[in-house]
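Residues take their numbers from the sequence shown, with the count starting at 1.
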Amino acid sequence: MSDRPVGPPVKEWQTPPRPGPERIEGRYALLERLSPEHAAPLFSSFSGHDWVWDYMPVGPFASPETFQEWLSAAASRDDPMFYAIRDGDSGAWTGFASFLRIDPAAGSIEVGFIAMSPALQRTRAATEAIYLMMQWAFDAGYRRFEWKCDALNAPSRRAARRFGFVFEGVFRQATIVKGRNRDTAWFAVIDRDWPLLRTAYEIWFDPGNFDAGGEQIQSLSDLTAPIVASGEAEAAGL
């Protein structure tokens, strides 16, 4: 008998489709496949906030024309597959995000290349944009939904844990971005995390979780913390 352990069989799983819906709509946010028409409102939302691009592989952009050129090329790709984000309260296009490293055969997909203007950050629309992409991925049959960021990007690391992603480690000297070393922090949600995580989001999004001034009563971080802790304990024990 072999004493070399192997992973359990993956039963009744089928390769999921590649992403591609033109629109993904929620209560607070609308995601729409990125197109050149989004360039002007997005450039305006980022204008004067060059720090948004500090950890991004592109930007900041000196003019609407240079941003339009980059965005038009980005919109034509299918990996990363970009979505513009519209805040349902303001009706403004205030950010974008993408599906990338799309690997249906492995059941793995990443959310990344995320740029949110100050007008979008810390809003229900910002949270729902990530939730909608996660929901699409698991509903489509993906097993693993990833988040990666510069290991020095503390706000992104905090956001990942708030959203329910489990920290899995740091890849040292993973790449070079804008002439600088980047160590990459890896986070993920897997399909067996999703039912509890979806319930946590539903509790947080419920209008009753917000007071008359729009302030949350239960934080999403508190709701997702037990799920994250369980996943990190599991990952540490592998």
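The closest side-chain heavy-atom distance from Val52 to Pro118 is below 4.5 Å. Residues Thr224 and Leu197 form a side-chain contact, since some pair of their non-hydrogen atoms from C-beta on lies under 4.5 Å apart. Pro104 is listed as a side-chain neighbour of Ile102, based on a closest heavy-atom distance under 4.5 Å. For the pair Asp191/Tyr142, no side-chain contact is recorded, criterion being any heavy-atom separation below 4.5 Å from C-beta on. In this structure the side chain of Asp183 never reaches within 4.5 angstrom of the side chain of Asp150, judged on heavy atoms. Between Lys148 and Glu110 there is a side-chain heavy-atom pair separated by less than 4.5 Å. With a 4.5 Å cut-off on side-chain heavy atoms, Trp70 and Phe61 count as touching. Leu220 is listed as a side-chain neighbour of Tyr201, based on a closest heavy-atom distance under 4.5 Å.
Ionic pairing of Glu232 and Arg161 is present here: one or more N-O contacts between side-chain nitrogen and carboxylate oxygen are shorter than 4.0 angstrom. Look at Arg27 and Glu128 and you find no salt bridge, because none of the NZ, NE, NH1 or NH2 atoms lies under 4.0 Å from a carboxylate O. Salt bridge absent: Glu25 and Arg86 never bring a charged side-chain N and a carboxylate O closer than 4.0 Å. A salt bridge is defined here as a Lys NZ or Arg NE, NH1 or NH2 lying under 4.0 Å from an Asp or Glu carboxylate O, and Asp139 with Arg198 meets this definition.
With hydrogens and angles disregarded, no donor-acceptor distance shorter than 3.5 Å links the side chain of Ser230 to the backbone of Ile227. In this structure, the side chain of Lys178 engages the main chain of Val58 through a donor-acceptor pair within 3.5 Å. No donor-acceptor pair closer than 3.5 Å links the side chain of Ser72 to the backbone N or O of Glu69. Proximity of a side-chain donor or acceptor of Ser156 to a complementary backbone N or O of Cys149 within less than 3.5 Å is not detected. In this structure, Asp50 contributes its side chain and Pro60 its backbone to no donor-acceptor pair below 3.5 Å. One N or O on the side chain of Thr199 and one on the backbone of Pro195 form a donor-acceptor pair closer than 3.5 Å. Proximity of a side-chain donor or acceptor of Asp211 to a complementary backbone N or O of Glu215 within less than 3.5 Å is detected.
Taken from CG in Leu42 to CZ in Phe67, the straight-line distance is 5.0 Å, to the nearest 0.5 Å. To the nearest 0.5 angstrom, Asp103 atom CG is 11.0 Å from Arg143 atom CZ. Expressed to the nearest 0.5 Å, how far CD1 of Ile109 lies from CE of Met81 amounts to 8.5 Å. Here the straight-line distance linking atom CG of Leu71 with atom OG1 of Thr66 works out to 11.0 Å at 0.5 Å rounding. Distance check, rounded to the nearest 0.5 Å: CG of Asp78 to CG of Leu100 gives 11.5 Å. In this structure, the separation between CD on Gln218 and CZ on Phe210 is 10.5 Å, given to the nearest 0.5 Å.
For Arg124 against Gly214, the heavy-atom pair with the smallest separation is NH2-CA, 4.3 Å. Minimum interatomic distance between Met56 and Ala115 (heavy atoms only, all atoms of both residues): CE-CB, 4.0 Å. Here the shortest heavy-atom pairing between Trp13 and Val10 reads CB-CG1, 3.6 Å. Taking all atoms of both residues into account, the shortest heavy-atom contact from Trp136 to Pro19 is CH2-CA, 3.2 Å. The minimum heavy-atom distance between Ala29 and Ala129, with the atom names listed, is CB-N, 4.3 Å. Taking all atoms of both residues into account, the shortest heavy-atom contact from Gly20 to Arg33 is O-NH1, 3.7 Å.
Under a hydrophobic clustering in which Ile, Leu, Val, Met, Phe, Trp and Tyr are joined whenever their side-chain heavy atoms come within less than 4.5 Å, directly or via other members, Phe165 and Phe205 fall into the same cluster. The cluster map of Ile, Leu, Val, Met, Phe, Trp and Tyr, joined by side-chain heavy atoms under 4.5 Å apart, puts Ile114 and Phe46 in different clusters. A continuous path of hydrophobic side-chain contacts links Phe82 to Trp53 [ILVMFWY only; heavy atoms under 4.5 Å]. Side-chain heavy atoms closer than 4.5 Å link hydrophobic residues (I, L, V, M, F, W, Y) into clusters, and following such links, possibly through other members, connects Phe187 to Leu196. No chain of hydrophobic side-chain contacts below 4.5 Å, direct or via other Ile, Leu, Val, Met, Phe, Trp or Tyr residues, connects Leu30 to Leu120.
Remark: Arg162 is positioned above the aromatic ring of Trp204, its terminal NZ or CZ atom under 6.0 angstrom from the ring centre and at most 45 degrees off the axis.
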Give the C-alpha distance, both sets of side-chain angles, the deciding distance and a yes or no for side chain to side chain contact (heavy atoms under 4.5 Å, CB included) between Arg157 and Phe167.
CA-CA 9 Å; Arg157 294 181 68 153; Phe167 176 62; 3.5 Å; yes

Yes or no on side chain to side chain contact (heavy atoms under 4.5 Å, CB included) for Trp186 and Val170, after CA distance, side-chain angles and deciding distance?
CA-CA 6 Å; Trp186 284 55; Val170 172; over 6 Å; no

Show your working on side chain to side chain contact (heavy atoms under 4.5 Å, CB included) between Gln135 and Trp194 and close with a plain yes or no.
CA-CA 9 Å; Gln135 181 182 52; Trp194 175 236; 3.9 Å; yes

Apply side chain to side chain contact (heavy atoms under 4.5 Å, CB included) to Phe145 and Phe99, showing your working.
CA-CA 10 Å; Phe145 190 67; Phe99 290 119; 4.0 Å; yes

Could you go through the ring-ring contact (aromatic ring centres under 6.0 Å, His included) check for Trp147 and Phe113 one step at a time?
CA-CA 10 Å; Trp147 174 293; Phe113 221 128; over 10 Å; no

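Side-chain N/O atoms of Thr184 and Arg182 include a donor and acceptor closer than 3.5 Å. No hydrogens or angles considered: nothing links the side chains of Trp93 and Ser44 as a donor-acceptor pair under 3.5 Å.
Environment of CZ in Arg18: crowded, with over 12 heavy atoms of neighbouring residues, nucleotides or ligands closer than 6.0 Å. Taking a 6.0 Å sphere around CZ of Arg101, one finds it holds 12 or fewer heavy atoms contributed by other residues, nucleotides or ligands.
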